[in-house]
Amino acid sequence: MKYWLIKSEPDVYSWSDFVNEGGTVWSGVRNYQARNNLRVMAKGDKALFYHSNIGKEIVGIAEITREAYPDPTSDSEQWVCVEVKPLAPLPTPVTLESIKSEPRLANIGLLKQSRLSVVAVTKAEFDRIQKMGS
DNA sequence: GCCAACGTTGGC
DNA sequence: GCCAACGTTGGC
């Protein structure tokens with residue numbers, strides 16, 4: 001199983017929107033690196049759900065429910081989307097600040113490639129954040 | 001609102 | 001193929 005972190009601006013699409021809908025199509029990604037990440041996602045992979053700009057914290061855990069297929073919001077064949085559903089909220093959201101101050105998370109993709117909206121995390125990083133958020 | 005980081009575009 | 005200009009993201 002692989003682990004990911006996906007970003008959303010909560011004033012556009014928040015964790016509570018996600019929970020209310022029971023899942024969503026993760027479309028609109030127009031960055032090659034993020035696209036490549038979407039392509040290698042497998043059903044059952046888990047993803048940390050991060051609120052960018054507002055909140056700047058990881059608020060929950062999502063699961064990939066459908067693997068990459070052509071993004072219906074794009075005319076081009078090159079872009080893909082996946083489908084995800086909410087798995088569980090983090091009882092205590094893990095803030096960017098607390099991630100930065102945790103030495104074991106110093107190499108997390110969120111910090112290393114801060115502009116990438118779909119980024120891989122290691123199992124250790126995933127477990128660490130889940131623990132910090134419990 | 002500003003700006004750093006970084007990706008993309010287009011002229012040469 | 002290089003690089004300057006420009007656009008976007010996201011933290012502050």
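Naming convention: chains lettered A, B, ... in sequence-line order (proteins, then strands); numbering from 1 in each chain. Note that the structure is a prediction, hence the values are computed from the model and not measured. Computed over heavy atoms, backbone and side chain alike; hydrogens, waters and symmetry mates excluded.
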Start and end of the DNA chain B segment that chain A contacts, any atom under 4.0 Å from a heavy atom: B:dA5 to B:dT8
Within one Ile-Leu-Val-Met-Phe-Trp-Tyr cluster: A:W4 and A:L38, side-chain cutoff 4.5 Å: yes
Decide, yes or no, whether a salt bridge links A:K123 with A:D127 under the criterion of side-chain N to carboxylate O below 4.0 Å. yes
Residue list, side chain to side chain contact (heavy atoms under 4.5 Å, CB included) with A:V19, at least two apart or on another chain: A:W15, A:P86
With sequence neighbours left out, what residues match A:R104 under side chain to side chain contact (heavy atoms under 4.5 Å, CB included)? A:E102, A:R128
A:R30/A:D71 salt bridge by N-O under 4.0 Å criterion: yes
